[in-house]
There are 2 protein chains.
Amino acid sequence: MTVSRALNRPEIVADDTRHKILEVCERLNYRPNANARSLRTNTSHQVGVIIPDWRNAFWIDVVSGIEAVLTGAGFQLLIANSNEQGRREDLQIEAMLSQSVDGLLIAPSDGAPSGDSLSRIDELLAAGMPLVIIDRLPAGIANVSCVTIDNESGAYKATRHLLDGGHRRIGLLAGNINLDTGQQRVDGYLRGLKERGLAVDEQLIRTAETNAALVGREVGYSSTLEFLDMDNAPTALLCTSNTIAIGAIAALQERRVQIPEEMAIVSFGDMEWTTLLSPPLTVITQPTIEMGRQAGLMLLEYLEDVPEDGHKRHRKQRRIVLEPQLIVRASSVRGAAAKTIPDD
Amino acid sequence: MTVSRALNRPEIVADDTRHKILEVCERLNYRPNANARSLRTNTSHQVGVIIPDWRNAFWIDVVSGIEAVLTGAGFQLLIANSNEQGRREDLQIEAMLSQSVDGLLIAPSDGAPSGDSLSRIDELLAAGMPLVIIDRLPAGIANVSCVTIDNESGAYKATRHLLDGGHRRIGLLAGNINLDTGQQRVDGYLRGLKERGLAVDEQLIRTAETNAALVGREVGYSSTLEFLDMDNAPTALLCTSNTIAIGAIAALQERRVQIPEEMAIVSFGDMEWTTLLSPPLTVITQPTIEMGRQAGLMLLEYLEDVPEDGHKRHRKQRRIVLEPQLIVRASSVRGAAAKTIPDD
DNA sequence: TGGCAAAAAGTTAACGTTATCATACCCTCC
DNA sequence: GGAGGGTATGATAACGTTAACTTTTTGCCA
């Protein structure tokens, strides 16, 4: 009816008719039914976002970046927390498709039973669903657009910084190395050592089964205690996530280990509290908000790429890799002033 | 058609028909359309959650509690961040109603232009929409169910603790006192002083215009510096939020003020990092997750209260007030041992 | 004034479900 | 063998919107 036109394309309705309609809408407290609209148009102005753990500030920041871009463009976010469980992730994708979301932003969980949600993602791509993968890129997925962080480079920078500080035995508290991000951080660490011709001591590398926040903290704590009990304990610690770092620092404080004199420490992810610690924490910043922003923008391109011929256009796959930065603070430098190391 | 029955009420369909149907669904990759279903049934299994600031860990924890309860009961969460802006909150409620959410959980923003979203909430209640207010209860709303924290009690406990420690001049870094939570914290502080017959020095009470995280931090920082510059500076600080505390601690560290010898500090909200500080931070715990859980359960009661007669049942209003706890750590107690300094 | 194009408004059907009612089928029992 | 009662399935309409098409109105010019 004309009402629909008055609300959606006011310019093609005569002025006084429009005013009359709007006035009546106002009086009747009329509210368009989004479900009916979605049913008819097969578009919802909703975008699904699936993250693995929203108790971790990392992911909240990512979502903030996404939100800034997408709600600005008139999309509503459907946020789901997979809790690092592939099965949940799968169900959530399913639920979002049921609601005919216009697009999806997914950070694959580390617990994906490989086949399951990967093939689901392949299906989505084949169906032409606008989709951008964030932060993690499981090996099995090809031809997908994604925004990630150069974890290898981040870990390398951290390792080199510690080596420059004279450390020769550096403990690596890695997350789940079944995840590409986890493995990349190990790779960066190894590159740092190799570059200096240092042998790798497998005992100095600890991994976790999952990246879930609570587990990270626990692993950081117990692994650090184990390090401290070694005959030739490391003199520096590289923590590959803020949750791991929290556990590690707790362990060091408990044992009254002096930072950085007895143990230097570098962590991943700058948090609001890292500068409040004594000493302040050296970190590899994760450009989380920016990652969210870029992923949002990328998805937006796809969303605005209207399929005029009714058939989904074959889209070029794009990949953005963001560079992490090293911020040197006192936790990793013996008696020296802290400064930011410029990118090289 | 029979398909609908096979999927929704399998027990009333003959076994072999059902199997045939399910097999075909599988083969065709059939997925029920949630919009069509919502349109027809006028129910969406979605619950809207509106919080004022998801960059603040406080709210993320609240949402976690809500999620634990509601997704377990088969509801999907629609999370919106009002950014402490009444106008956004209003639009978000509107959008959620368009999508025929089954219920709403709202933490009213502090920037509500009083009339606007309050009357909207009244409307919702009148229309029988299941609705639970969380954490904050604006003065204008009556007859609504809510789950809150006893802020007055929390601030009182903190104040009493500091008074017990011998402090006589306690700086109060309050948030937005136009918000009931903010005013209640001031009230608790005043009760503490009054109980000991101490005069109130208005100069020791600082408030903020809004509870937005960034502002909180800034206010904590600058107000603390102002305190330190006073002729008779306070010897203790009561911060009414974790963001304010972050700013305050930053200021104290910058001025190299010894905690707790020169300035004791108590904060609201226990975070994962509060024990990592030197000294560890004394806090009033906010039962955030529990608040979310209770709000979720309360809403669930309303949701399950099916209107058999087609007319919304008049429901009893319920209120739950959760009690915060004082956790004493070294930031508020002089000397290694946590011993109480006798009164006068 | 008639004719014609453009603008505005109206009509119809369809999106994919499910509530409701109608039908077909199968058994049991007198 | 037919009435009665259950169970399983089928048919129809409706939820509120909009795409596509049709009709009406308006405005303009010859």
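Below, all heavy atoms of this structure are taken into account, side chains as well, without hydrogens, waters or symmetry copies. Per chain, numbering begins at 1; letters A, B, ... match sequence-line order. What you are looking at is a predicted structure, and each value in this text was computed from that prediction instead of being measured.
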From NZ of Lys20(A) across to P of dG10(C) the rounded distance in Å is 10 Å
Taken to the nearest whole Å, CG/Leu7(B) to C1'/dT9(D) is 15 Å
Here the distance between atom P of dA13(C) and atom CG of Leu39(A), to the nearest Å, is 18 Å
Rounded to whole Å, CZ of Arg5(A) lies from C1' of dG16(D) at a distance of 16 Å
Donor-acceptor pair, distance only, cut-off 3.5 Å: does the side chain of Glu84(A) make one with the backbone of Asp110(A)?
yes
Ranking Ala36(B) and Thr17(B) by the position along DNA chain D of their nearest nucleotide, the one closer to 5' is Thr17(B)
Rounded to whole Å, the CG-P distance (Asn42(A) to dT17(D)) equals 17 Å
Taken to the nearest whole Å, CD/Gln99(A) to P/dT17(C) is 14 Å
From CD1 of Ile12(A) across to P of dG10(C) the rounded distance in Å is 13 Å
- Message: Checking the side chain of Asn83(B) only, and the main-chain atoms of Gln85(B) only, is there a donor and an acceptor separated by less than 3.5 Å?
- Response: no
Among the nucleotides dG16(C), dG10(D), dA14(C), whichever has the atom closest to the side chain of Arg40(A) is dA14(C)
- Please work out if Arg31(A) contacts a base, only the sugar-phosphate, or nothing of the nucleic acid, heavy-atom cut-off 4.0 Å. sugar-phosphate
Check whether Ser100(B) reaches the backbone of Ser44(B) with its side chain - one donor and one acceptor, N or O, closer than 3.5 Å.
no
Asn211(A) side chain vs Asn176(A) backbone, donor-acceptor pair below 3.5 Å:
yes
Check this one for me: any side-chain N or O of Asn8(A) less than 4.0 Å away from OP1 or OP2 of dT18(D)? yes
Rounded to whole Å, the CG-C1' distance (Asn33(B) to dA14(C)) equals 13 Å
request  = Could you tell me whether the side chain of Gln92(B) and the main chain of Asn81(B) form a donor-acceptor pair under 3.5 Å?
outcome  = yes
Contacts of Asn35(B) and Arg9(B) projected onto DNA chain C by closest heavy atom; the upstream (5') one is Asn35(B)
Practice task
Please check the phosphate of dT18(D) (OP1 and OP2 only) for any side-chain N or O of Arg37(A) closer than 4.0 Å.
Solution key: yes
